[in-house]
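Read through the structure below, which is laid out as structure tokens, and then see the notes.
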2 protein chains.
Amino acid sequence: MPIWEYDGVMARAATTSDVFNAIAEPQRREILVLLRGGERPVTELAGELGMSQPRASKHLRVLREVGLVRDRKAGKQRLYGLDARGLRPVHEWTGGFERFWNESFDRLDAYVQDLKQARQED
Amino acid sequence: MPIWEYDGVMARAATTSDVFNAIAEPQRREILVLLRGGERPVTELAGELGMSQPRASKHLRVLREVGLVRDRKAGKQRLYGLDARGLRPVHEWTGGFERFWNESFDRLDAYVQDLKQARQED
DNA sequence: CCATCATATTCCCATATGGGCATGCGTCAA
DNA sequence: TTGACGCATGCCCATATGGGAATATGATGG
């Protein structure tokens, strides 16, 4: 059921709801990194990452549903390839905070004594 | 229990396990965006985002646990402020795919074109 | 058609939500 | 001291995992 029609008790959003949720899982991020090296069949991915085949397939399904990977048949195999376009929004969203992690903290909140103190304790 | 000691049945990782999980929730991202405008007390955040106070507090707790926000007491209130440093790793990780969302996909498109062409030649 | 290899799915579990509501708690003012 | 105000928590729910194991599906070669 589409989330916008759902009005019952809410739980954590599906991993397939968007890219942010999809990449929240470390192993899925590893898969994406591996795929930068080119297309690979499921079994190979599973092997390189030391995970079972069903596990790899499940993660790949999530990635496919949010559009981060594409698959094509290659004989008996199914090759998965990267489609990183969906990562761009995440990159841009975080980029919107760039000046905040570059600016010195005391300038950001120059009047905040507590933060200055916390910084000295580092 | 720390996840590295956990060996039972695994479920989805905690939202407090890392920044990736923390920002997977849309409302938490909204909170962070709002905080770019400066420190704010819980009630004000809740009001501006149209959410209940307990809800805002819970999200803020998650953000605090992964270090994306800091809080300090200000009399009766508790002011929350942004600490965006934790977003940098996310920005850099996604940045590692930058050339792929530009370049490599053209190659995939080219592949699709080849398929179409091959089909016409049949 | 059958045996086999490559994947995808289905079950079953225990856990971690995200929300609402009620309530505990610390701080400040009268 | 006693309220009142601002926040944090505790409880209860229904949902969505991430995993393992077993099994269904698919595609290929004989």
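Throughout, a chain's letter reflects where its sequence line sits, starting with A, and its residues are numbered from 1. Heavy atoms only: backbone and side chains are in, while hydrogens, waters and symmetry mates are out. Being a predicted model, the structure only gives us computed values, none of them experimental.
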For a quick check, with a 4.0 angstrom heavy-atom cut-off, what is the B/S/- contact string for nucleotides 24-29 of chain D, read 5' to 3'?
--SSS-
Separation of atom CG in B/Leu45 from atom C1' in D/dG6, rounded to whole Å:
13 Å
For residues B/Trp93 and A/His91, establish whether the separation of their ring centroids is below 6.0 Å.
no
If you compare every side-chain N and O of B/Arg61 against the phosphate oxygens of D/dT9 (OP1, OP2), does one of them come in below 4.0 Å?
yes
Report the nucleotide, chosen from D/dA8, C/dA6, C/dG18, that has the shortest atom-to-atom distance to any side-chain atom of B/His59.
C/dG18
Please check if B/Leu60 and B/Leu79 belong to a single hydrophobic cluster, counting links between Ile, Leu, Val, Met, Phe, Trp and Tyr side chain heavy atoms closer than 4.5 Å.
no
May I have the distance from A/Glu25 (atom CD) to D/dT17 (atom P), rounded to whole angstrom?
11 Å
Can a side chain N or O of B/Arg12 be found less than 4.0 Å away from OP1 or OP2 on C/dA14?
no
Side-chain donor-acceptor pair present, A/Arg12, B/Asn21, cut-off under 3.5 Å:
yes
When you measure from the side chain of B/Arg85 to the backbone of A/Trp101, do you find a donor-acceptor pair of N or O atoms at a distance under 3.5 Å?
no
Apply the test side-chain contact (heavy atoms from CB on, under 4.5 Å) to residues B/Leu82 and B/Arg36: give CA-CA distance (whole Å), side-chain angles for both, the deciding distance (0.1 Å), then the verdict.
CA-CA 7 Å; B/Leu82 182 64; B/Arg36 283 194 303 210; 3.7 Å; yes
Considering only heavy side-chain atoms of A/Ala11, the closest of D/dT15, C/dA8, D/dT17 is D/dT15
Check this one for me: any side-chain N or O of A/Thr15 less than 4.0 Å away from OP1 or OP2 of D/dT17?
yes
Should B/Leu35 and B/Val90 be regarded as members of a common hydrophobic cluster, given that ILVMFWY residues are connected when their side-chain heavy atoms come within less than 4.5 Å of each other, either directly or indirectly?
yes
Rounding to an integer number of Å, can you tell me how far B/Met51 CE sits from D/dA8 P?
13 Å
Quick check: on DNA chain D, is the nucleotide nearest B/Pro41 upstream (toward 5') of the one nearest A/Lys58, or the reverse? Name the residue that is more 5'.
B/Pro41
Is A/Thr43 near enough to C/dC5 that one of its side-chain N or O atoms lies under 4.0 angstrom from OP1 or OP2?
no
Check the distance between C/dG18's P and A/Phe20's CZ and give it to me in whole angstrom.
15 Å
Measure CZ/B/Arg55 against P/D/dC12 and give the value in whole Å, please.
21 Å
Output yes when at least one side-chain N/O atom of A/Tyr80 is less than 4.0 Å from OP1 or OP2 of C/dA8, else no.
yes
A/Val66 and A/Thr15: which non-hydrogen atoms are nearest, and at how many Å?
CG1-O, 3.9 Å
Residue-phosphate contact under 4.0 Å: B/Ser52 side-chain N/O, C/dG20 OP1/OP2
yes
Classify the nucleic acid contact of B/Pro54 as base, sugar-phosphate or nothing, counting any heavy atom under 4.0 Å across all strands shown.
base
Taking the side chain as everything from C-beta on, heavy atoms only, tell me whether B/Tyr80 gets closer than 4.5 Å to B/Arg64.
yes
Whole-Å distance, B/Arg78 CZ to C/dT27 C1', equals 11 Å
Which is true for B/Gln77 with a 4.0 Å heavy-atom rule: it touches a base, it touches only sugar-phosphate, or it touches nothing?
sugar-phosphate
Once hydrogens and angles are ignored, does a donor-acceptor distance under 3.5 Å link the base of C/dA8 to the side chain of A/Gln53?
yes
Could you state the atom-to-atom distance from CG of B/Leu60 to P of C/dG18 in whole Å?
13 Å
On DNA chain C, does the nearest nucleotide to A/Asp71 precede the nearest nucleotide to B/Thr16 from the 5' side, or the other way round? Give the residue.
A/Asp71
A/Glu65 has an atom CD; how far is it from atom P of D/dT17, in whole Å?
9 Å
